[in-house]
*Asks:* 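Dropping a structure here in structure tokens format, bear with me for questions.
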Amino acid sequence: MSHYESGNWEAVIGLEVHVQLATVTKLFCGCSAAFGAGPNEHTCPVCTGMPGVLPVLNRKAVDYAIRAALATNCRVNRISRWARKNYFYPDLPKAYQITQFEQPYCEHGSVTIDVDDMQRTIRLTRIHMEEDAGKNIHDPRSDSSFVDLNRACVPLLEIVSEPDARSGAEAAAYMRKIRTIVRYLGISDGNMNEGSMRCDANVSLRKRGVEELGTRTETKNLNSFRAVEKAIIHEIERQAEVLNGGGTIVQETRLWDADRGVTRPMRSKEEAHDYRYFPEPDLLPLEIDEEWIEAIRSELPELPDARRQRFVSEYSLPEYDAAVLTTSKELADYYEAALRVHDNPKALSNWVMGDVMRVANEAAAGSESEADYTELAVSPENLAAMVKLIDDKTISGKIAKQVFPKMVETGEAPGTIVEREGLVQVTDEGAIAEVIDGVLAANQDKVAEYRGGKDKLLGFFVGQVMKASGGKANPQLANKLLKEKLSE
Ligand code: ADP
Ligand code: MG
Ligand code: ZN
């Protein structure tokens with residue numbers, strides 16, 4: 001199918017994102033909610049669904065949920081209700097999941113995203129709280145299946161968007177933004193590898209200019225930003241091909257097969273579960289009063305959008321820099337910690353967006369985890385000290401490029417490295433003049449050309465002088481002295 005043909009269609013995408021809340025204990029019992037324990041170590045009669053037990057709501061989970069609501073501009077409902085979603089599966093011992101259905105705790109929010117230098121708003125339909133299920137583990141060697149209930153009853157938020165995204169890139173940007181927000185809020189690690197964030201993507205096509213929504217499919221099992229983007233791109237192409245061929249889209253649930261790069265059918269609407277939702281009789285309606293909301297609001301940290309705007313207004317940074325630096329709270333904290341030591345916002349921004357981010361990403365690449373700015377060998381204080389050395393002309397920018405990797409290697413202060421290795425910039429006119437004399441003597445033909453009118457050769461001479469001085473000559477001074485000597 002050509003892009004010309006798919007151009008007749010507009011993609012419409014709505015996302016259901018699950019975020020695991022980083023509470024110490026589970027949603028309805030006192031078991032640890034931590035990831036990574038041995039099988040079934042974090043279980044009790046409540047989360048294993050024993051008869052006769054009663055759930056007790058974890059107040060901290062509601063605190064976290066309210067933070068998410070306020071950070072996404074949702075309206076918090078004073079009363080919300082718990083519901084039972086019934087289905088049978090071995091990882092769900094009660095045979096129902098406690099969730100919120102008809103009356104979620106918050107609704108009508110919005111999140112802004114940036115794609116291709118354009119800002120767009122994705123509206124949120126609602127967020128509700130629910131408990132997670134356990135995990136089935138299939139062991140092909142022993143031909144057995146196991147059930148691990150550590151994750152059962154761990155608190156989740158389900159964030160449901162309006163069908164406002166229009167491309168795979170927008171959907172991935174939205175996921176990233178949700179992760180940035182929950183991390184700023186400190187309510188989830190947002191770690192997609194460990195399943196702390198998962199996403200189902202609803203995709204449909206409609207003719208351009210048409211208001212009415214087309215028939216959608218829902219693709220499950222999207223556990224990385226890449227998967228979200230690629231699965232949606234694939235699904236858009238698949239649907240366009242069907243429609244262009246005169247076919248119709250079947251409303252169904254599909255699975256993303258990352259190995260083959262395709263979505264394939266899982267179940268159709270006819271086979272869809274009837275969850276027989278009904279109100280949870282073991283829990284009172286959840287009442288969130290104004291006082292509770294205001295207490296949470298007063299403790300909200302500065303959020304990514306606000307911080308980004310402040311970086312532009314307070315530090316006069318370009319929009320681009322402000323956006324990059326505030327994508328992660330740790331990165332923004334790192335930047336501001338450096339800025340407190342040495343007040344040169346743009347120079348520090350360049351170093352952080354360049355060398356610092358590269359080093360952090362390289363360190364993270366090996367471990368499959370996210371870049372970590374809290375444990376970098378180069379502390380923000382040392383980075384600031386290095387930029388200060390450049391600004392007060394102790395070292396050149398070029399020398400700094402040699403000093404920085406040594407700081408990464410040793411964690412030492414730049415001053416220590418510069419002193420030990422004799423990297424201090426030469427600002428002594430006599431010393432630089434000596435180097436220049438050597439360079440001019442060795443390149444007499446070029447000197448003649450320059451004097452004959454080939455001005456462009458100045459750059460060549462400056463380069464030679466920098467090289468001969470081991471990068472230590474002050475470039476401005478070298479420039480000035482060269483011009484003087486060449487015009488003699
Ligand atoms: P369900 O609970 O069956 O998944 P919902 O009505 O709650 O259905 O919708 C879930 C998600 O699907 C929402 O994010 C919504 O925006 C999206 N959605 C609904 N209809 C469409 C459509 N025609 N095309 C794309 N997305 C849609
Ligand atoms: Mg759904
Ligand atoms: Zn438990």
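Order of listing sets the numbers, starting from 1, for every ligand and every atom in it.
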*Asks:* Any nitrogen or oxygen of T215, side chain or backbone, less than 3.5 Å from one on ligand 1?
*Replies:*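 Among all N and O atoms of T215, none is under 3.5 Å from an N or O of ligand 1.
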*Asks:* Sorted by chain and residue number, which protein N/O/S atoms are under 2.8 Å from the Zn ion (ligand 3)?
*Replies:*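 Listed by chain and number: C29 SG, C31 SG, C44 SG, C47 SG.
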*Asks:* Quick check against the 3.5 Å criterion: does N361 have a side-chain atom that pairs as donor or acceptor with the backbone of M357?
*Replies:*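 Judged by distance alone, yes, a pair lies under 3.5 Å.
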*Asks:* Relative to the ring of F404, is the ring of W351 parallel (under 30°), tilted (30 to 60°) or perpendicular (over 60°)?
*Replies:*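 Geometry flag for F404 against W351: tilted rings.
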*Asks:* Do F101 and W82 have their ring centres less than 6.0 Å from each other?
*Replies:*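 When the ring centroids of F101 and W82 are compared, they turn out to be at least 6.0 Å apart.
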*Asks:* Which is it for L15 and ligand 1 at heavy atoms under 4.0 Å: side chain, backbone, both or neither?
*Replies:*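 It is the backbone that touches ligand 1; the side chain stays farther off.
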*Asks:* Under a 4.0 angstrom heavy-atom cut-off, which atoms of ligand 1 come close to G214?
*Replies:*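 Result: 23 (N).
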*Asks:* Please identify which of these residues, E211, E212, E10, meets the salt bridge (Lys or Arg N to Asp or Glu O under 4.0 Å) condition with R206.
*Replies:*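 In the set E211, E212, E10, the residue that makes a salt bridge (Lys or Arg N to Asp or Glu O under 4.0 Å) with R206 is E10.
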*Asks:* So, is S161 polar-close to ligand 1, with some N/O to N/O distance under 3.5 Å?
*Replies:*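 Between S161 and ligand 1, an N or O pair is found under 3.5 Å apart.
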*Asks:* On a heavy-atom basis, which atom in N150 and which in G38 lie closest, and how many Å separate them?
*Replies:*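 Smallest heavy-atom distance, with atoms named: ND2-O, 2.8 Å.
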*Asks:* Could you tell me which atoms of ligand 1, counted from 1 in the order shown, lie closer than 4.0 angstrom to a heavy atom of E218?
*Replies:*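 Those atoms are 4 (O).
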*Asks:* Between F311 and Y335, does a ring-ring contact (aromatic ring centres under 6.0 Å, His included) hold up when you go through it step by step?
*Replies:* CA-CA 10 Å; F311 275 25; Y335 173 73; 5.5 Å; yes
*Asks:* Which ligand 1 atoms are under 4.0 Å away from a heavy-atom of E162?
*Replies:*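 In order of number, 16 (O).
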*Asks:* Measure the shortest side-chain to side-chain distance between R67 and L300 over non-hydrogen atoms and say whether it is less than 4.5 angstrom.
*Replies:*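 Yes, at least one pair of side-chain atoms sits under 4.5 Å.
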*Asks:* Please answer whether the main-chain N or O of A172 pairs with a side-chain N or O of E229 as donor and acceptor at a distance below 3.5 Å.
*Replies:*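 Side chain of E229 to backbone of A172, a donor-acceptor pair under 3.5 Å: no, none is there.
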*Asks:* By number and element, which atoms of ligand 1 are closer than 4.0 Å to a non-hydrogen atom of V160?
*Replies:*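 Near V160, meaning under 4.0 Å from one of its heavy atoms, ligand 1 has 13 (C), 14 (O).
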*Asks:* Taking atom CG of D117 as the centre, does the number of heavy atoms from other residues, nucleotides or ligands within less than 6.0 Å exceed 12?
*Replies:*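 For D117, atom CG is not crowded (no more than 12 foreign heavy atoms under 6.0 Å).
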*Asks:* Determine whether more than 12 heavy atoms belonging to other residues, nucleotides or ligands lie under 6.0 Å from atom OH of Y320.
*Replies:*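 Atom OH in Y320 is not crowded, with 12 or fewer foreign heavy atoms closer than 6.0 Å.
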*Asks:* Looking only at distance, does V203 have an N or O less than 3.5 Å from an N or O of ligand 1?
*Replies:*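 Between V203 and ligand 1, no N or O pair is found under 3.5 Å apart.
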